[in-house]
Student: 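Sending over a structure as structure tokens; questions will come in a sec.
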Amino acid sequence: MRWAAFLWDGASGARRRPGVSNLLLVVAAASSGGLVAYADSGSDAAVEKPQLPQRKKVVVLGTGWGGTTFLRNLDSRLYDVQVISPRNYFAFTPLLPSVTSGTVEPRSIVEPIRRVLEKKGGEIKFWEAECFKIDPQNKKIHCRSNIGTNLDGNGEFLVDYDYLVVAVGARTNTFNTPGVVENCHFLKEVEDAQKIRRSVMDCFERASLPFLDEEERKKNLHFVVVGGGPTGVEFAASLHDFVTDDLSKLYPSVQHFVKISLIEAADHILTMFDKRITNFAEDKFGRDGIDVKTGYKVVKVSKDAITMQNPATGDISVPYGMAVWSTGIGTRPFIVEFMKQIGQGNRRVLATDEWLRVRECDGVYAIGDCATINQRRVMEDIAEIFRVADKDKSGTLTVKEIQDVLDDIYVRYPQVQLYLKSKQMNGIADLVRSAKGDAEKESVELNIEEFKKALSLVDSQVKFLPATAQVASQQGQYLARCFNKMKDAEEHPEGPIRIRGEGRHRFRPFRYRHLGQFAPLGGEQTAAQLPGDWISIGHSTQWLWYSVYATKQISWRTRMLVVSDWTRRFIFGRDSSCI
């Protein structure tokens, strides 16, 4: 068998050597003859691959709950996705208090973000850097890497975008209290939990030194928690369990000097929970020996003492060994500058509309703790709502006309439905319900003043969403669904009627669905407030907490690690090594 390959010039008919300009494929095979096949791709008959449409660039800032959930649900084949974050992992932050006491190890609650992106299968780029400036006019962001430098030596670079998803979370709010940054621990990151764990052990080791007197030992073993919210309460409970179950056995000579104080400026702790949970938590902490000081405002923190104010007692200075500050969240500095650029400088956090779009800023979305939804008020649009409903342009609304647009109003203004459910709105609500199918009642008319009066108190039901992982996760999931359906929604919008404008919105607005919240109180007891005003407190709720938090892990690796940490703690106790 003989094989032959030739290049044939299709224009001149001459045989020639292979060249670069023309591409010809020739295969010849025969035992008694030859077969020649060729293709000419010269300049006059070029065969080009079809050009794929250029994908729009989506830049995601942050790998927290909002950013990671968005990435996990986004169809990355539709966009050129780039992720920028100063940390290359996702952290399951609800378990940070457990890390401080050694119940759970730090690596058990983190998942490398590159592993999350790898599972997506798309070409998603990740850069470990932080954004320090957003340029919305030119659609660029300024970033800085802390682990490497560019040719200029400062590690700064520019990234342009078509869509920007801001999911950078928030920082701890110190309320400009003197000495907080220098002397207190925070509990927002995994590194914070690790520092607290080491600091607790250092306090016990210092208190055990032979040359200290009793007052110095008491000072070193006084642990102060500022803030009676869920994080502060859970940390205080976790620390109490650590001391009672483990450290008291390892440091028997100093364990009776330990004191845990919880300081809250409000009249009660856990004010966002049902009063039954608040009362149970305060009673339990009292039985456990945790000193709960409500109505006290911390005004200064020095290296050795915390100064707090109370209207009845005035200023009080208390010596301490370690302090943890957990009093709420504040906006990151570069977000503050961004807000000033877009006319939101007087706000506390970034304002978005109901579709999570940053107001007055094209192509920018914000989710999680760094933003809040600025729900449109009914009374701001009351005239436009009346115009849309008044299809016959008569200047009055029949009940039938209200019925026709009521579902769209519910979607666009959820406070209307909340107000109806509160049974405070009798006139129009009863009229609409009873008139359905009744021609005489459906013809009853309302003028615009009567319509305004009926809806005048509806906006009292507008509520701001809490800064929780649950909210950020739902927002990330919703926004990813919108991005996945963006092209189809242009042709087939699924949202409510546009009150100001024509047609319909592309998507339904974001709606938060509250799935409940937990408050671990130590001693294998947890309080839960679940939908439907269901309150559960006790040991059985602790097992519900275990199952929910194990289920909510984002990978089987972290799920198995967390469960194994809990099992290890039950068998061997918590680790007290200063690592």
Student: Can any side-chain N or O of Thr327 pair as donor or acceptor with the backbone N or O of Asn173 at less than 3.5 Å?
Tutor: yes
Student: Please give me the minimum heavy-atom distance between Gly522 and Ala237, naming the atom from each residue.
Tutor: N-CB, 3.5 Å
Student: Can you check whether Val411's main-chain N or O pairs, donor with acceptor, with Arg511's side chain at less than 3.5 Å?
Tutor: yes
Student: How are the rings of Trp543 and Phe570 set to each other: parallel, tilted or perpendicular (split at 30° and 60°)?
Tutor: parallel
Student: Can you name the one residue among Leu350, Ile342, Leu164 that meets side-chain contact (heavy atoms from CB on, under 4.5 Å) with Cys361?
Tutor: Ile342
Student: Answer yes when Arg412 and Glu354 have at least one side-chain N-carboxylate O distance shorter than 4.0 Å, and no when they do not.
Tutor: yes
Student: What do the steps show when you test Leu465 against Phe510 for side-chain contact (heavy atoms from CB on, under 4.5 Å), and what is the final call?
Tutor: CA-CA 11 Å; Leu465 298 179; Phe510 170 75; 3.8 Å; yes
Student: Is the backbone of Arg504 close enough, under 3.5 Å, to the side chain of Arg498 for a donor and an acceptor to pair up by distance?
Tutor: yes
Student: Take atom NZ in Lys56; do more than 12 heavy atoms of anything else shown fall under 6.0 Å from it?
Tutor: no
Student: Salt-bridge test for Glu205 and Arg198: reply yes if a basic N is under 4.0 Å from a carboxylate O, no otherwise.
Tutor: no
Student: Under 6.0 Å between the ring centres of Phe507 and Phe483?
Tutor: no
Student: Look at the side chain of Arg574 and the backbone N and O of Thr103, then say whether any donor-acceptor pair between them is shorter than 3.5 Å.
Tutor: no
Student: Just by modelled atom types, is the Asn484 backbone N or O under 3.5 Å from a matching donor or acceptor in the Asp75 side chain?
Tutor: no
Student: Indicate yes or no: does Glu524 engage Arg569 in a salt bridge with an N to O separation below 4.0 Å.
Tutor: yes
Student: Is Glu494 paired with Arg481 through a side-chain N to carboxylate O contact shorter than 4.0 Å?
Tutor: yes
Student: When you compare the side chains of Thr526 and Thr541, does any donor N or O come within less than 3.5 Å of an acceptor on the partner?
Tutor: no
Student: Once the angle between the rings of Phe90 and Phe92 is folded into 0 to 90°, is it parallel (under 30°), tilted (30 to 60°) or perpendicular (over 60°)?
Tutor: perpendicular
Student: For the ring pair Tyr478 and Trp355, is the centre-to-centre distance below 6.0 Å?
Tutor: no
Student: Is the backbone of Phe157 close enough, under 3.5 Å, to the side chain of His142 for a donor and an acceptor to pair up by distance?
Tutor: no
Student: Quick check: does any side chain N or O of Thr331 sit under 3.5 Å from a backbone N or O of Arg348, one acting as donor and the other as acceptor?
Tutor: yes
Student: Testing the 3.5 Å rule here: is there a donor-acceptor pair between the side chains of Asp575 and Ser577?
Tutor: yes
